[in-house]
Amino acid sequence: MNFKYRIVNFLVDISAFLIFSVVILWVFKGVIEKESVRNFLIGFYFFYYFTSELVFGQTLGKMLTKTKVVDKRTGEKAKAYQILIRTFLRGLPFYFLSYFITEKGLHDHFSQTILIKS
């Protein structure tokens with residue numbers, strides 16, 4: 001999949017994540033302690049990607065670019081364990097450097113998924 005789609009997907013998804021996070025933190029400002037905000041953000045980051053791709057095969061960014069995640073071998077909807085691998089690898093520090101190793105990123109490589117036009 002073209003790298004420009006991945007950039008747009010990332011920018012839309014990180015923007016959506018930040019907006020959702022700010023709203024949730026504002027709504028629950030008396031419930032979520034300041035010391036817990038970091039853990040909330042990490043958990044919500046994983047929840048956003050895992051749930052979106054598991055349920056819809058797409059995040060908001062992928063919906064905008066009309067792309068989706070599928071199983072590389074079958075072309076069918078990716079399995080839960082594949083989405084879990086994708087999501088976990090995205091959370092690694094310096095993940096973005098994986099694009100210098102492989103064109104599609106380590107999250108696609110190790111989860112055996114690809115991004116296609118829907």
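Not measured: the values here are computed from a predicted model. All values below come from the heavy atoms of this structure, side chains included, with hydrogens, waters and symmetry mates left out.
- For the atom pair CG of Leu54 and CG of Leu84, the computed distance is 9.5 Å after rounding to the nearest 0.5 Å.
- By the criterion of side-chain heavy atoms lying less than 4.5 angstrom apart, applied directly or through intervening Ile, Leu, Val, Met, Phe, Trp or Tyr residues, Phe20 is not grouped with Val22; the two fall into different hydrophobic clusters.
- Put simply, the residue from Lys79, Gln82, Arg73 that forms a side-chain contact (heavy atoms from CB on, under 4.5 Å) with Thr113 is Gln82.
- Contact between Arg90 and Tyr45 at its shortest, heavy atoms only, is O-OH, 3.7 Å.
- The backbone N or O of Gly61 sits less than 3.5 Å from a side-chain atom of Thr65, completing a donor-acceptor pair.
- Considering OG of Ser111 and OH of Tyr81, their distance stands at 9.0 Å, rounded to 0.5 Å.
- Remark: Leu64 CG to Tyr5 OH distance equals 10.5 Å, nearest 0.5 Å.
- The pair Glu53-Lys68 does not meet the salt-bridge criterion, since no charged nitrogen lies less than 4.0 angstrom from a carboxylate oxygen.
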(message) As a quick check of understanding, evaluate side chain to side chain donor-acceptor pair (under 3.5 Å) for Asp71 and Gln112, giving each step before the final call.
(response) CA-CA 6 Å; Asp71 185 308; Gln112 292 295 299; over 6 Å; no
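- No more than 12 heavy-atom neighbours from other residues, nucleotides or ligands sit within 6.0 angstrom of CZ on Phe28.
- For Phe44, the CZ atom sits in a packed shell: over 12 heavy atoms of surrounding residues, nucleotides or ligands are nearer than 6.0 Å.
- Going from atom CD1 of Ile85 over to atom CZ of Phe110 covers 10.0 Å, rounded to the nearest 0.5 Å.
- In the hydrophobic cluster analysis, where Ile, Leu, Val, Met, Phe, Trp and Tyr join through side-chain heavy atoms closer than 4.5 angstrom, Val27 is grouped together with Ile24.
- Between Asp108 atom CG and Leu115 atom CG the span is 6.5 Å, to the nearest 0.5 Å.
- If you run side-chain contact (heavy atoms from CB on, under 4.5 Å) between Ser36 and each of Arg38, Glu33, Lys34, only Glu33 comes through.
- Contact of the Ile116 side chain with the Thr67 side chain is not registered, since no non-hydrogen atoms from C-beta on lie closer than 4.5 Å.
- In terms of heavy atoms, Lys62 sits closest to Gln58 at O-NE2, 3.7 Å.
- None of Asp13, Thr87, Thr59 except one satisfies the side-chain hydrogen bond (donor to acceptor under 3.5 Å, both in side chains) rule with Tyr48; the exception is Asp13.
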(message) For Leu41 and Leu25: C-alpha separation, side-chain torsions, deciding distance, then whether side chain to side chain contact (heavy atoms under 4.5 Å, CB included) applies.
(response) CA-CA 9 Å; Leu41 292 173; Leu25 287 170; 4.2 Å; yes
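- Atom CD1 of residue Ile14 and atom CG of residue Asn9 lie 12.5 Å apart, to the nearest 0.5 angstrom.
- Of all heavy-atom pairs between Ala16 and Leu60, the closest is CB-CD1, 3.6 Å.
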